Amino acid sequence: MDEKELFVKAYKAMALSRALDRKIVMSQRQGRVGFYTPTIGQEALQIGLSMTLEKEDIIYEYYRDVPFMLHRGVPPAAIIDQVMGNSSDSEKGRQMPSHYSSKEFHFMSVQSPVAANLPPATGAAYEIKYRKKKNIVVATFGDGSTSTPDFHAAMNMAAVYDLPLVFLCENNRWAISLPIEKQTRVEIWKKAEAYGMRGIKVDGNDLFAMYEAAKKEVETVRKERKPVLIEAVSYRIGPHSTSDDPNKYRTAEITDGSEKDPLIIAEKGMIERNYLTKEEIEKIKTDSKETIDRIFDEREKIPAPKPESIFTDVYEKPNWIIEEEKGEIL
Amino acid sequence: MSSKQLNMVQAINSTLDLLMAENDSIILLGEDIGKDGGVFRVTEGLQAKFGSERVMDTPLVELGIVGMAIGMALSGLRPVPEIQFQDFIYTAFDQLVNQAAKMRYRSGGEYHVPMVLRTPYGGGIRGGLYHSQSGEAYFAHTAGLTVLSPSNPYDAKGLLISAMKYNDPVMFLEPKRLYRSIKSEVPDEKYSIPIGKASMVHEGNDMTFITYGSMVPTVMNTVTKHSIDADVIDLRTIMPYDGETILNSVKKTGKAIIVHEAPRTLGMGAEISAFLSERAVEYLSAPILRVCGPDIPFPYRLEEYYLPNEERILKAINRIQEFR
């Protein structure tokens, strides 16, 4: 894939993700979806990194990584199935929306407690090291996660054991209502040094800057088999979740479609580099919306999983206690 | 078949040795488990034999040890994290309860965590508040975890072998008081004790004792010394406990005494008592009694007042015998 194709694919994933995000948020307001954590504003930084990864790399993502998943090939239908919790959902409707999982595309199952994916990511990276494999692990998290003991434990373990692990901090500057200034006295990327790890900061709103930085860092991790912390600075354009009203605690600095919106920045760059024309961009956006509308309507018709499904997969084989309780309830 | 007289430390050590030699997916990780062989010497000599990549001396971070083990398991390894004292596990509680225990369920069965977490638990070594706790009820209360506790070297080996074949997270709770205090004849070869099956360690007709871990020898000594005509059930698996064996015995004897070291309120005794009252009330001729640790932190100097002993067990026997 040459650079142009690489970026066209990236832009298409950004546009598709934005269309999907808008659709789910709107559907939540219409009562068609229960809950959602919008990803708007974080497309460029996720996809800029995703562009540099290989199929066999393993991702320990968090709940705002839909753009990342779409770019790596997870079908929008799978995201919608998860959000609906329908019978086609690979998780069998067990997790609330935004908690994805895709073994096929090497995305780990997402949990709610922030940063809890980070210590397990070190274990996955250790397996790679132990088995002398060539792939790497990427672990993503928000700025809020950097206050947790899990972040500290994982950063330390990754450094101590020289693990091939990229820590991507998606600094959208808000941990629900708490701004980054009130979360830490030190810039996030600088924390890496205390662990004996490389740390960099990049403009996560700029797809091209993100790609260049990520490419360099990912190559270094692949070659040196040591971890890195990338702080990608962006902005949470939407609320934390559909249950949150940011007007209570902040004035919006970047809005959907404004000059600083990462999607608009990417469009300008695509035109400047002659990767896409204005007309092509408009067509991609229209097509994305139509695709998402069509898939969403289609997936919405899929029924809920069968009630007995809530009693499976607690253990490989159900024990007598679960069997008995199932009999009492169903 | 050859066998040896071993204590529990030796039985666990030789079992890990045996299993590691035939399966390079097994990785041990924990604090001071390598060069030092663990503070109780359970992993003595294993790092020298299998290398520091397979017997890892980790930094002092329980949540990191458990979290890392979870990721290893998700990538196909068979990690055996050791938490130096069960009392120190609480910073890793989120990793256990929200990650390890729920992974299979929340991923619709796509991911699972085959991990055996070993940790010494319970009192009797003058460890005070932070080297004596029995927290099994926390783990038993968590769907997705399986909780085992051997009461002798023979069972320790058989249960550990079963746990290492199991494809879900196992809490392997080692009663530290019994580490070196008892020996049993342990076959050199592999054998397994099924998860979920209790052991009837003494048979009788007057009453049923239900116990596990460090309390098994205490109950057995009392029963044999005073010639009590009792069934003594060693659960071996705390969760899922063997309801069938408990029920059959209590239907026969009509009386039940549950003995454990952990605090009484909402301990395993509460669960088993409720279990029996739900389905054996017509067979009961006396109240179900519990002989447990009190609901206080574990004391240092006066720990003998905390631990259930012969005297307290006899008191329960006397009380139960008043009912005919």
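Predicted model only: the values in this text are computed from it and were never measured. In the text below, chain A, chain B and the rest are named by the order of the sequence lines, each starting its count at 1.
Put simply, of A:Arg94, A:Glu91, A:Lys92, A:Lys317, the one with the most heavy-atom pairs under 4.5 Å next to chain B is A:Arg94. Across B:Gly76, B:Ala101, B:Gly67, the residue that shares the most heavy-atom pairs under 4.5 angstrom with chain A is B:Gly67. Of all the listed residues (A:Ala154, A:Gly123, A:Ser309), the one sharing the greatest number of non-hydrogen pairs under 4.5 Å with chain B is A:Gly123. With chain B as the partner, the residue from A:Ser101, A:Ala153, A:Ala124 showing the most heavy-atom pairs under 4.5 Å is A:Ala124. When B:Pro79, B:Ala69, B:Gly243, B:Gly196 are compared by the number of non-hydrogen pairs under 4.5 Å with chain A, B:Gly243 comes out ahead. Comparing A:Ile321, A:Val314, A:Asn319 by how many heavy-atom pairs each has under 4.5 Å with chain B, the most go to A:Val314. Across B:Asn98, B:Ile70, B:Val66, B:Leu77, the residue that shares the most heavy-atom pairs under 4.5 angstrom with chain A is B:Leu77. Chain B forms more heavy-atom pairs under 4.5 Å with one residue of A:Pro113, A:Pro120, A:Ser112 than with any other, namely A:Pro120. When the candidates B:Pro59, B:Ala143, B:Ser25 are compared by the number of heavy-atom contacts under 4.5 Å with chain A, B:Pro59 comes out ahead. For the options A:Ile128, A:Val137, A:Val110, A:Asn156, heavy-atom pairs under 4.5 Å to chain B are most numerous at A:Val110.
For B:Gln95, the part lying near chain A is the side chain, with the backbone staying farther off; criterion is any non-hydrogen pair under 4.5 Å. At a 4.5 Å heavy-atom cutoff, the contact between A:Gln95 and chain B is made by side-chain atoms alone. A:Tyr126 touches chain B through its side chain: at least one heavy atom from C-beta onward sits under 4.5 Å away, while N, CA, C and O do not. If you measure heavy-atom distances from A:Ala116 to chain B, the contacts under 4.5 Å come from both the backbone and the side chain. When heavy atoms are compared at a cutoff of 4.5 Å, B:Thr58 approaches chain A by way of both its backbone and its side chain. Using a 4.5 Å cut-off between heavy atoms, B:Tyr241 touches chain A through backbone and side chain atoms alike. B:Leu145 touches chain A through its backbone: at least one of N, CA, C or O sits under 4.5 Å from a heavy atom, while the side chain does not. When heavy atoms are compared at a cutoff of 4.5 Å, B:Thr237 does not approach chain A at all. For A:Glu324, the part sitting under 4.5 Å from any heavy atom of chain B is the side chain, from C-beta outward, and nothing else.
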Give the C-alpha distance, both sets of side-chain angles, the deciding distance and a yes or no for salt bridge (Lys or Arg N to Asp or Glu O under 4.0 Å) between B:Asp24 and A:Arg131.
CA-CA 10 Å; B:Asp24 72 355; A:Arg131 294 290 188 202; 3.1 Å; yes
Residues A:Trp320, B:Glu244; criterion side-chain contact (heavy atoms from CB on, under 4.5 Å); working and verdict:
CA-CA 10 Å; A:Trp320 68 267; B:Glu244 198 184 345; over 6 Å; no
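Residues of residues 52-60 of chain A lying within less than 4.5 angstrom of chain B, judged on heavy atoms, are A:Ile58, A:Tyr60 in numerical order.
The shortest distance between side-chain heavy atoms of A:Pro149 and B:Leu63 falls below 4.5 Å. No side-chain heavy atom of B:Gln99 sits under 4.5 Å from any side-chain heavy atom of A:Asp150.
Across all non-hydrogen atoms, the minimal contact from B:Tyr111 to A:Met108 is CE2-CE, 3.4 Å. Across all their heavy atoms, A:Met157 and B:Ile65 have their closest contact at CE-N, 3.8 Å. Contact detail for A:Tyr315 and B:Thr146: the closest heavy-atom pair is CE2-OG1, 3.3 Å.
Around atom OH of B:Tyr130, no more than 12 heavy atoms belonging to other residues, nucleotides or ligands sit under 6.0 Å away. Other residues, nucleotides and ligands contribute over 12 non-hydrogen atoms within 6.0 Å of the CZ atom of B:Phe85. Around the NZ atom of B:Lys252, the shell of radius 6.0 Å holds more than 12 heavy atoms that belong to other residues, nucleotides or ligands. Within 6.0 Å of CZ in A:Phe105 there are more than 12 heavy atoms belonging to other residues, nucleotides or ligands. More than 12 heavy-atom neighbours from other residues, nucleotides or ligands sit within 6.0 angstrom of NZ on A:Lys133. Under a cut-off of 6.0 angstrom, the local environment of CG in A:Leu178 is crowded, with over 12 non-hydrogen atoms contributed by other residues, nucleotides or ligands.
Within the model, atoms CD of B:Glu110 and CZ of A:Phe107 stand 13.0 Å from one another, a figure rounded to the nearest 0.5 Å.
Partner of A:Tyr130 under the side-chain contact (heavy atoms from CB on, under 4.5 Å) criterion, out of B:Met56, B:Met72, B:Glu53: B:Glu53 alone.
Side-chain contact, B:Arg104 with A:Ser109: no donor N or O sits under 3.5 Å from an acceptor N or O. Side-chain contact check for B:Asn167 and A:Glu316: at least one donor-acceptor pair (N or O, by modelled atom type) lies under 3.5 Å.
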